[in-house]
Amino acid sequence: MQFLRPYADITYALLRIVTGFLFACHGAQKVFGMFGGSPPEAPAFIIWTAGPIELIGGLLVMVGWQTSIAAFICSGTMAVGYFMAHQKDGLLPIQNHGELAAIYAFVFLYLASRGDGRLSIGGGA
């Protein structure tokens with residue numbers, strides 16, 4: 001299927017923008033108590049380490065500035081989060097409810113490999 005190939009750059013930009021926005025919302029939830037606040041079982045060190053990474057990293061990815069660095073850090077954060085919070089409850093993400101952490105880790109890894117791209121303030125083409 002080649003019919004979407006002409007739109008590859010713009011769909012990459014949309015992936016970057018939407019992923020960054022959604023991730024920043026998770027950070028705002030932890031840092032500012034927005035959107036229902038942090039889960040009550042979340043330890044304080046998670047709120048004050050992962051929260052700012054999610055908020056700032058998500059915003060940087062969303063606007064496309066230093067995307068490779070920000071996305072790489074976000075990917076690592078989600079990998080650590082997956083193994084800390086989910087892996088103990090089962091082998092597969094579908095068993096341990098870690099699908100969101102797993103998919104974020106891999107999407108951010110992809111974004112880190114591609115960089116800013118179109119529609120970014122980093123000026124990537």
Side-chain angles (χ1 to χ4, degrees):
M1 283 197 173
Q2 301 295 318
F3 73 95
L4 289 176
R5 188 167 301 267
Y7 307 102
D9 287 345
I10 198 73
T11 55
Y12 171 75
L14 291 171
L15 174 70
R16 191 196 76 241
I17 292 164
V18 170
T19 302
F21 172 74
L22 294 174
F23 203 62
C25 287
H26 283 282
Q29 183 182 40
K30 289 179 181 69
V31 174
F32 300 120
M34 298 172 69
F35 314 116
S38 294
E41 69 276 2
F45 80 93
I46 295 293
I47 293 169
W48 297 111
T49 56
I53 290 171
E54 292 170 0
L55 179 62
I56 296 166
L59 291 173
L60 290 174
V61 167
M62 182 179 75
V63 300
W65 191 63
Q66 301 295 318
T67 300
S68 291
I69 295 167
F72 187 74
I73 292 168
C74 292
S75 176
T77 300
M78 287 295 89
V80 168
Y82 176 80
F83 287 107
M84 283 181 65
H86 300 284
Q87 186 63 48
K88 66 184 178 338
D89 295 329
L91 178 64
L92 300 175
I94 194 73
Q95 295 171 308
N96 61 34
H97 307 287
E99 301 97 334
L100 190 58
I103 197 71
Y104 266 133
F106 283 99
V107 169
F108 279 123
L109 189 60
Y110 176 68
L111 295 174
S113 75
R114 288 275 313 257
D116 296 335
R118 290 184 59 187
L119 302 178
S120 66
I121 64 171

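- If you chain together ILVMFWY residues whose side-chain heavy atoms come under 4.5 Å of each other, Ile46 ends up grouped with Phe45, Val80, Met84.
- To the nearest 0.5 angstrom, Gln66 atom CD is 10.0 Å from Ile73 atom CD1.
- Both Phe35 and Tyr104 are members of a single hydrophobic cluster when ILVMFWY side chains are connected at heavy-atom separations under 4.5 Å.
- Proximity of Phe108 to Thr77: side-chain heavy atoms (C-beta onward) are nowhere separated by under 4.5 Å.
- Between the side chain of Arg118 and the backbone N or O of Tyr12, no donor-acceptor pair lies under 3.5 Å.
- One distance of note links CD1 of Ile56 with SG of Cys74; it measures 10.0 Å at 0.5 Å rounding.
- The cluster map of Ile, Leu, Val, Met, Phe, Trp and Tyr, joined by side-chain heavy atoms under 4.5 Å apart, puts Leu22 and Phe72 in different clusters.
- Residues Leu60 and Ile17 share a hydrophobic cluster, clusters being chains of Ile/Leu/Val/Met/Phe/Trp/Tyr side chains in contact below 4.5 Å.
- With contacts defined as side-chain heavy-atom distances shorter than 4.5 Å, the pair Asp89/Gln95 does not qualify.
- With Arg16 contributing its side chain and Leu119 its backbone, the two residues share a donor-acceptor pair below 3.5 Å.
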CA sep, side-chain torsions, deciding dist, call: Arg114, Asp9, side chain to side chain contact (heavy atoms under 4.5 Å, CB included): CA-CA 10 Å; Arg114 288 275 313 257; Asp9 287 345; 3.8 Å; yes
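- In this structure the side chain of Leu100 reaches within 4.5 angstrom of the side chain of His26, judged on heavy atoms.
- Phe106 and Leu14 are not part of a single hydrophobic cluster, where members link through side-chain heavy atoms under 4.5 Å apart.
- Nearest heavy atom pair, residue Ser68 against residue Ala112, reads OG-O, 2.9 Å.
- Side chain of Ser75 to backbone of Ala71: no donor-acceptor contact under 3.5 angstrom is found.
- Remark: Glu54 CD to Ile47 CD1 distance equals 10.5 Å, nearest 0.5 Å.
- Phe23 contributes atom CZ, which lies 10.0 Å from atom CG of Leu55 (distance to the nearest 0.5 angstrom).
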Run the numbers on Val61 and Phe21 for side chain to side chain contact (heavy atoms under 4.5 Å, CB included), then give the verdict. CA-CA 8 Å; Val61 167; Phe21 172 74; over 6 Å; no
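- Annotation: the span from Leu111 atom CG to Asp116 atom CG amounts to 10.5 Å, rounded to 0.5 Å.
- Applying the side-chain hydrogen bond (donor to acceptor under 3.5 Å, both in side chains) criterion to Tyr82, with sequence neighbours excluded, gives Gln87, Asn96.
- Checked by atom type and distance alone, the side chain of Gln29 pairs as donor or acceptor with a backbone atom of Gly37 at under 3.5 Å.
- If you chain together hydrophobic residues whose side chains sit under 4.5 Å apart, Ile53 and Trp48 never meet in one group.
- Within a 6.0 Å radius of CD1 in Ile103, other residues, nucleotides and ligands contribute 12 heavy atoms or fewer.
- From Trp65, atom CH2 reaches atom CG of Leu59 across 12.0 Å, with rounding to the nearest 0.5 Å.
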